[in-house]
A.B. asks: 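My structure is below; once you've seen it, I'll send some questions.
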Amino acid sequence: MLKRFSHPLLGVVVVSTLALPAMPAAADPQPRRSPHTLRDFGNGPERNSTAGAVRGLGRGADHTRFPRDRSKGYPRRVTLTEPATNPADFSIKLGLTPYHAIAPKLNALQRVGDRVSVEVIGRSHQGRELYLVTVTAPESGAEARAQERMREKIEDDPAAAARDPWIKRDYKAPVFINNNIHGNEWEGTDATLKAIERLAAAKDPATRALLDSTRLYFNVTANPDGRAGGTRANGAGFDMNRDFITGSQPEVRAMQQVMIDTQPVAMIDLHGYVNGTLIEPTTPPHGQNYEYDLFIKNTYANGLGMEAAVKALGYTPEADGVQPPQIPFRDWDEGWDDWPPIFTPQYAPFHGAVASHTVEIPLRVNNADYTNLPEAELRRRAAINTAIAGATIDATISHVHAKRAQMVADQIEVFRRGAAGEPSRPAPLGIVPGFGPEDVYTTTFPRAYVVPAGSGQRSATAAARLVDHMVANDVRVTRAVRPFSLGGKTYPAGSYVVDMHQPKRGLANVMLEPGADISPKVDAMYDISGWSLAHLWGATVDAVTSGDLRRVQTRPVPVASPAGAVEGWGDLALRLDTPAEVSALNALLAEGVAVKWSGDGGVVVPRSARSLAGTLADRYGVRFDRARSAGGQPLRRLTVAVAGGADEVYSLQEMGFTLKPVSTAVLNAGFDWSGVDVLYVSSGLSFAQLNEAARTALDGFLARGGVVTRGGTGATFNQAAGLLTATHVAGRGDANGVVSVTNAGGPITAGAPAHSFVYSPRWFTGLGPEVTAEQRYAGTGPLVSGHWRPNADGTGGPAAAQGQATVVRGVDERGAAVVLFGTEPLFRNHPKGLFAQVARSLYWTSISAG
C-alpha cells in the first residue's frame, strides 16, 4: 500500500567511488510482500525457542568495555588469534566467508598499507571473538587525542562545539556499519570485508579525501555463533536485535559500547531478506524521544542514496529475481516502525546517529531455502545480496563524506537540545516529501527523575541495578550528598538524580518514562510497544516535573553505591523481590543452608549462615535484614523441568535454578521424573500429544510435584492435564505493553510492583474453589503504554481484561500445586522486577504439592 503519494528524489546525488559492479545472474523472481505479512520476514518478532545459558546476576551488568587507548594513533595493529577451521560453518555452502576465515583476512588486511586497524571488542556467548575494524587515514597519537577531545566536546559542551571552527574543519565524521546480527543473514559481513579491502588498497584522491575526513567502523560479524551455526539467534538463543534497551547479551553490550565510544553520525545495520531491498526510514509510529526533525531529513536523504546505488547495480525482477528497493516511510502506511529502542538502528540515534537504517537485502538463502535450494542457486543469490549490501555501504560512506559538516552539526544540535533542556519539538510538516501529521510524535520531558534512597525505595538492589544500567548506557546519574526537596517532595541523602538537562536525555527518557498508549494511532506494530524500566525493573522512580536542581548537591555516579548489607543479629530475613535476591537464595540452598519459607515474599536464613550471607550480600548486592519470625516450611534446592523459550530458560538459569529441558518429544521418548521438583510449561509441550507411557509418568509426577505455566500453551496444558479449574481468555494476539495490576499480597505477589508486562495478554475466569487470584488487571485501563486493540468482533481488548485475574494459584485434588501466568514475567530477560514472581511460584509449588 503506498503512503499517499509518489515521491521524486531529493536533491542529493550519491556518487559512490566504492560501488561493486552489477553481477549477471539467472532469473529467480520473488513476489513483493505486503507490509502486513512482516512476521514472515527475517525480522519477525517470534519468541525464541532454543536453550539459554547462565550469566552472573551481580548488581552491575557485565557491560563489555570497548578498549580505547586515547594515547595511540592509527593504525592500531593487532595480530588476531586465528580459530581452527570449522568445515561445518554454514557460510561455506553459500560461498561466503566462514567465521574461522575472518581473522586471517583481517590480519592480512592490516598489512596492506596504513589504513586498517582491528580491535577485539568482546566475545560472543559461545566465546568467539568480536572484531571491530577501523578504516581511516593514519593519525599520530596527538592527532588521535585531538579527535577524542573534539568528540568529547560535542557531547559534553555541544553549545561550544557548535561554534568551534576546529570541529567544523577537522573532526572526522564517524560511520558505523553493523553486520550479521542475525546469524543466518550472512552477506553484510562479506560486503564489509570487500569494502575494507578496497579502502585499504585504493590510491585514488577521492578515497584519500574520504579517509582524511571520516572514520569508518565496521563490526564484521555481530553474531559469530549464529553465523557459524546457521541460526538467527546467538548461542544463548536470543534474537539480539530485540535486546538493545535490555543489554542482556555480551554481543549487544559490545555494540552498545562501540556506539557510545565512537559516537557515529550515521549507521546501517545489514539484514535479510525482504525483496525488494528494504531501506529505512520507517512508517509511523515514530519514537517520541528522538529529535526527529534532524533524524528524518538525514535518514531519508541517505535512504534515497542507498536506493539509487542499489538500482544502479542493474538487477531486475525478470533477469535476477530482484524487485526494486522499497522505503517503508515512503511506500507503506504502517507495520515497519521505529517506535521501540530495542533494535540497533533505533538505539543508535540516542548516541548521536542522525542517519540510522535497517537494510534488508532481497534474496532469501536461509531456513528452508538453505536446505532445499541447489548450492549453485544459493551462491548466485548470496553473490547478488553481497553486491547489494556493498552498494548500501558505499552509498552511506559517500553520503556522509559529502554531507559531513551538516551531519556533524546536526549531531551537535541533538546533544545541545538535550543539555539545554529544550522542550520536545515536532518535526515540521513537509520536512521531507510526505511527512504529515501522522508522522509527528513528541513527548514531555520531566525536569528530572529521582530514584529515592532509604524507606522511599522499594528495593535498594533493584535501584542499584537500574542506576548501573543507565550509567553503562551513558546516561548521566548523580547522587545527592544531602537531603533535598524537589517537586514538592523531600528525598534523603543518597538518592539518585537523573538531571534531564543532559546531552543524551532522549535515552534517559526512553528508559524511564511510562511510555504511551499508541493503540489509537495505528493498527499494525512491528514489535513491542511498551518497555518502561521505571515500571518493570523493580525500583521506585519518581518523575519530577519542576524544581531548581542547582539547590541539590550531588556527585556524579560512576557506579551505584553498594546495596548489600547484613543487619543486626540472630536469624536473617531475605526478601525475594529481585533476581539478585533469588540468586542469593539459590546460592544458600546450594551450600545446604536450612532456609525456611516465610510466606510473605521472603525467606528466613539461620544465624549459622551469617558469614555466608555477608559474602552473598557483597556478591549480589542484596540485603539481609533481621528476621522477625522463625519462618515456616523448609526449602530445598530446586530442579525444574522446563518446556519454555530461550528467554525464560536464560532467565531461570541466571537466577541459579537447575534446569532439565523437556518437550512433547522428550517425554514421549521416556523421561526420568525422579529428582524433578517443578514443571515449567510455556511452549513445546502438549499434553494431548503425549503417549500413554508419558502420561502415566507425568501423572506420577503431578501427584507430588509443582507446575508453573505461562501463556496459551501453559493454559492449554493446565486444562488438558485437569489441574486447576480456570478458563483462560486470550486478548488480541499482537497486543503488548506495560499494564497496571493489583496484587493480592499472597506468597507470589506480596510486595510486587503495581505494573506488569503482557505480550498476547491472557486472563483467567471461572475460577474454582481451589483457585486463588494472586494478581489482577487494574479496574481501569489497564494498558499504561503499548498497543492493545480489541479484536474485530470487540472481544479481547483492554476493557474486557479490567479486573480479571492475571496470575492464579491453587492445589488440585491429586495434590499438584499450580501457578498460572497470563502475563510475561520473563520476556526476553527484560522485566527484571517481575522475575521474582516466577521464582516464588517455583518455590511455593514445590512446598505446597503432595
Side-chain angles (χ1 to χ4, degrees), residues 9-23 115-116 133-137 168 170-179 187-188 190-219 262-270 277 279-281 295-315 325 327 345 348 352-359 361 385-411 432:
L9 289 176
L10 290 180
V12 176
V13 179
V14 176
V15 179
S16 174
T17 64
L18 307 173
L20 291 169
M23 301 184 70
R115 296 170 176 172
V116 177
V133 175
T134 304
V135 182
T136 194
K168 291 179 182 178
D170 294 336
Y171 184 59
K172 289 186 171 184
V175 181
F176 180 41
I177 310 298
N178 201 53
N179 303 289
E187 293 91 339
D190 289 80
T192 269
L193 291 170
K194 290 176 183 292
I196 295 168
E197 184 174 7
R198 293 194 303 274
L199 290 163
K203 305 298 184 184
D204 58 287
T207 300
R208 287 196 294 271
L210 167 71
L211 298 181
D212 281 339
S213 66
T214 57
R215 278 189 187 164
L216 310 176
Y217 299 98
F218 299 89
N219 188 16
T262 66
Q263 210 165 285
V265 297
M267 76 86 59
I268 58 174
D269 198 33
L270 288 161
T277 302
I279 300 170
E280 290 182 345
F295 179 80
I296 188 61
K297 71 173 185 178
N298 288 292
T299 302
Y300 194 32
N302 190 46
L304 292 171
M306 286 192 280
E307 178 185 49
V310 171
K311 286 182 174 180
L313 294 176
Y315 297 121
I327 297 176
V354 293
S356 190
H357 310 256
T358 293
V359 175
I361 54 181
N385 288 336
T386 301
I388 289 174
T392 65
I393 292 172
D394 298 345
T396 296
I397 293 171
S398 296
H399 180 77
V400 174
H401 180 46
K403 300 295 182 180
R404 182 195 69 84
Q406 186 60 58
M407 295 182 79
V408 171
D410 287 343
Q411 181 183 82
V432 297

A.B. asks: Check side-chain contact (heavy atoms from CB on, under 4.5 Å) between Ala348 and all other residues, then give those that pass, not counting sequence neighbours.
C.D. replies: Met259, Met267, Ala353, Ser356
A.B. asks: Pick out which of Leu211, Ile177, Thr136, Thr134 makes a side-chain contact (heavy atoms from CB on, under 4.5 Å) with Leu216.
C.D. replies: Leu211
A.B. asks: Find the distance between OG1 (Thr396) and CD1 (Ile268) and round it off to the nearest 0.5 Å.
C.D. replies: 4.0 Å
A.B. asks: Compare every heavy atom of Gly188 with every heavy atom of Leu270, then report the nearest pair and how far apart it is.
C.D. replies: CD1-CA, 3.9 Å
A.B. asks: Within the structure provided, determine whether Val400 and Met407 are in side-chain contact (heavy-atom separation under 4.5 Å).
C.D. replies: yes
A.B. asks: For Ala191 and Thr386, which heavy atoms make the closest approach, and how far apart are they?
C.D. replies: CB-O, 3.5 Å
A.B. asks: Using side-chain heavy atoms (C-beta onward) and a distance below 4.5 Å, is Glu187 in contact with Asn179?
C.D. replies: no
A.B. asks: Could you state the interatomic distance from CZ (Phe176) to CD (Gln263), rounded to the nearest 0.5 Å?
C.D. replies: 14.0 Å
A.B. asks: When rounded to the nearest 0.5 angstrom, what distance separates NZ in Lys297 from NZ in Lys403?
C.D. replies: 10.0 Å
A.B. asks: Return yes if a side-chain donor-acceptor contact under 3.5 Å exists between His401 and Ser213, otherwise no.
C.D. replies: yes
A.B. asks: Going by the rule side chain to side chain donor-acceptor pair (under 3.5 Å), which residues pair with Asp269 if we only count those two or more places apart in sequence or in a different chain?
C.D. replies: Asn178, His271, Thr344
A.B. asks: In the structure I gave you, are the side-chain heavy atoms of Phe218 and Val135 within less than 4.5 Å of one another anywhere?
C.D. replies: yes
A.B. asks: Looking at Arg404 and Leu210, would you say the former's side chain and the latter's main chain have a donor-acceptor pair under 3.5 Å?
C.D. replies: no
A.B. asks: Would you call Lys172 and Thr214 a side-chain contact if the rule is heavy atoms closer than 4.5 Å?
C.D. replies: no
A.B. asks: Would you say that Leu199 contacts Arg115 through its side chain, given a criterion of any heavy-atom pair below 4.5 Å between the two side chains?
C.D. replies: no
A.B. asks: Donor-acceptor pair, distance only, cut-off 3.5 Å: does the side chain of His357 make one with the backbone of Glu280?
C.D. replies: yes
A.B. asks: Is a side-chain N or O of Gln411 found less than 3.5 angstrom from the main chain of Pro264, in a donor-acceptor match?
C.D. replies: yes
A.B. asks: For the residue pair Val354 and Phe295, establish whether any side-chain heavy-atom pair is separated by less than 4.5 Å.
C.D. replies: no
A.B. asks: If you take all heavy atoms of Ala137 and Asp212, which pair is closest and at what distance?
C.D. replies: CB-OD1, 3.2 Å
A.B. asks: Less than 4.5 Å apart, side chain to side chain, heavy atoms only: is that true for Asn298 and Asn302?
C.D. replies: no
A.B. asks: Where is the tightest heavy-atom contact between Thr392 and Met306, given as atom of each residue plus distance?
C.D. replies: CB-SD, 3.6 Å
A.B. asks: With side chains defined as the heavy atoms from C-beta onward, is the minimum distance between Tyr315 and Val310 less than 4.5 Å?
C.D. replies: no
